Amino acid sequence: MENVGGAGAGAGAGAGTVTATDTPSLPPNMTIYINNLNEKIKIDELKKSLNAVFSQFGKILEVLAFKTLKHKGQAWVIFEDVSSASEALKRMQGFPFYEKPMRIQFAKTKSDIVAKADGTFVPRERRKKHDERADRKKREHHHDGNHAGGGLSAAHGGAYGATPPLSQLPLGVAKMPEAPAPPNNILFVQNLPTETTPMMLQMLFCQYTGFKEVRMVETKPGIAFVEYGDEVQSTVAMQGLHGFKITPQNPMHVTYAKK
DNA sequence: AGCACA
């Protein structure tokens, strides 16, 4: 008859009511800081892949990464708004990127590009290595209003420890983050029916200006490379033939080949 | 591990 819910002290003690989140205690920021990145990846490719993987969460203003000793394996992705950054942090935490799980935090400080847009940018010579709050001068009430209004309204309910939502992410992106490969005069064709021959592909692709040749890899059925004179021509062909069905079950998947 | 503004 008695409700046991009252002050049931000790009931939850065993499980540890406070889930120890290793997550940084940093406040939300438009910029996320990522480390544990695969250091073998070239900076340029890394930035492109980060851009590809994170743009699903909102507009990205900039991706920064450096190869210096102190900063390799790390990157900053600057979003247009805090909510995009928050979402990206939550959703991509631990994401296997080039075979290493991403570790994501909010950046410690505001990015220059944001500060510039803010009007609060101060050249770094001044704040070289010390904290930004130099002298604490007593200011008059300059109620200028909060920056950007409700920008900091955290959309997360604090529900950390949730399962990594890898299943919600596009599958191809886990192993091949560079989804939008850079333009290339060579196209990569996938999802071909096994019986596809080079001749069949030539009939399709030679309709487009600049066609040079089809190459198929015998040991790997279902894929082909098609070369054009330049990447404008290959782009036209890609747009024309992507999704084309040689059989009803096989819409062609056409992308730029990797270099 | 490591928080910059190439």
Side-chain angles (χ1 to χ4, degrees), chain A residues 19-136 146-148 151-156 158 160-161 164 174 177-178 180-183 258-259:
Chain A
T19 53
T21 60
D22 290 350
T23 48
S25 46
L26 292 160
N29 192 305
M30 287 163 65
T31 302
I32 55 173
Y33 166 76
I34 308 166
N35 65 3
N36 198 42
L37 293 169
N38 190 328
E39 297 176 11
K40 291 175 301 194
I41 308 303
K42 297 184 302 285
I43 291 296
D44 193 52
E45 176 181 349
L46 181 73
K47 295 212 275 188
K48 272 188 235 165
S49 295
L50 286 169
N51 200 88
V53 159
F54 278 103
S55 55
Q56 59 178 310
F57 301 104
K59 175 104 194 280
I60 292 174
L61 300 181
E62 197 174 12
V63 176
L64 295 172
F66 312 91
K67 50 178 167 251
T68 61
L69 211 26
K70 192 178 176 206
H71 297 117
K72 63 184 180 177
Q74 300 154 79
W76 289 259
V77 178
I78 307 165
F79 287 94
E80 192 176 46
D81 43 58
V82 176
S83 60
S84 299
S86 299
E87 192 66 13
L89 185 151
K90 285 196 289 186
R91 299 268 310 269
M92 298 302 282
Q93 189 64 266
F95 183 78
F97 190 66
Y98 293 106
E99 302 175 324
K100 299 192 67 183
M102 287 187 186
R103 296 280 120 85
I104 312 177
Q105 304 168 238
F106 288 113
K108 283 179 177 165
T109 61
K110 185 188 289 186
S111 297
D112 282 0
I113 189 176
V114 173
K116 281 170 184 160
D118 253 4
T120 62
F121 178 70
V122 43
R124 49 176 186 261
E125 320 160 315
R126 171 115 184 218
R127 51 175 358 195
K128 182 71 172 191
K129 65 190 270 190
H130 208 40
D131 55 348
E132 62 272 24
R133 66 159 50 170
D135 311 337
R136 199 174 162 192
N146 328 1
H147 43 276
L152 288 187
S153 61
H156 62 280
Y160 261 96
E178 50 244 320
K258 285 193 294 188
K259 310 241 179 183

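Residue numbers start from 1 in every chain, and the chains themselves are labelled A, B, ... in the order their sequence lines are given, proteins ahead of strands. Values in this document were obtained by computation on a predicted structure and should not be read as measured data.
The separation between A:Ile104 atom CD1 and B:dA1 atom P is 17 Å, rounded to whole Å. Whole-Å rounding puts the A:Leu69 CG to B:dG2 P distance at 14 Å. With rounding to whole Å, A:Met30 atom CE is found 18 Å from B:dA4 atom P. As a whole-Å value, the separation of A:Lys67 NZ from B:dC5 P is 13 Å. Atom CD in A:Glu62 sits about 10 Å away from atom C1' in B:dA6, given to the nearest Å. One can place CD1 of A:Ile78 at 13 Å from C1' of B:dA6, the figure rounded to the nearest angstrom. Distance A:Lys100 NZ to B:dA1 C1': 11 Å, rounded to the nearest Å. Atom pair A:Asn29:CG and B:dA4:P shows a separation of 13 Å (rounding to whole Å applied).
No hydrogens or angles were tested; on distance alone, a donor-acceptor pair under 3.5 Å links the side chain of A:Ser111 to the base of B:dA4.
Here the side chains of A:Ile41 and A:Phe97 are not in contact, with every heavy-atom distance at 4.5 Å or above.
Contact between the side-chain N/O atoms of A:His71 and the OP1/OP2 oxygens of B:dA4 is found at a separation under 4.0 Å. Side-chain nitrogen and oxygen atoms of A:Arg124 include none within less than 4.0 Å of the OP1 or OP2 phosphate oxygen of B:dC3. Distances shown here put a side-chain N or O of A:Lys70 below 4.0 Å from the OP1 or OP2 atom of B:dA4.
The nearest heavy atom of DNA chain B to A:Asn36 and to A:Lys116 marks one nucleotide each, and the one closer to the 5' end goes with A:Asn36. If A:Leu37 and A:Lys47 are placed on DNA chain B by their nearest nucleotide, the residue sitting closer to the 5' end is A:Leu37.
For A:Thr68, the side-chain atoms get nearest to B:dA6 when compared with the rest of B:dG2, B:dA4, B:dA6. Minimum atom distance to the side chain of A:Lys108 is reached by B:dC3, of the listed B:dA1, B:dC3, B:dC5.
The ring of A:Trp76 lies on top of the base of B:dA4, close enough and flat enough: under 5.5 Å between centres, under 30° between planes.
For the residue pair A:Lys100 / A:Asn36, a side-chain donor-acceptor distance below 3.5 Å is found, with atom types taken as modelled.
In terms of modelled atom types and a separation under 3.5 Å, the side chain of A:Asn29 and the main chain of A:Ala107 share a donor-acceptor contact.
No salt bridge links A:Asp112 with A:Lys116; every basic N to acidic carboxylate O contact stays at or beyond 4.0 Å.
The environment of A:Lys259 atom NZ is dense: over 12 non-hydrogen atoms of other residues, nucleotides or ligands sit within 6.0 angstrom.
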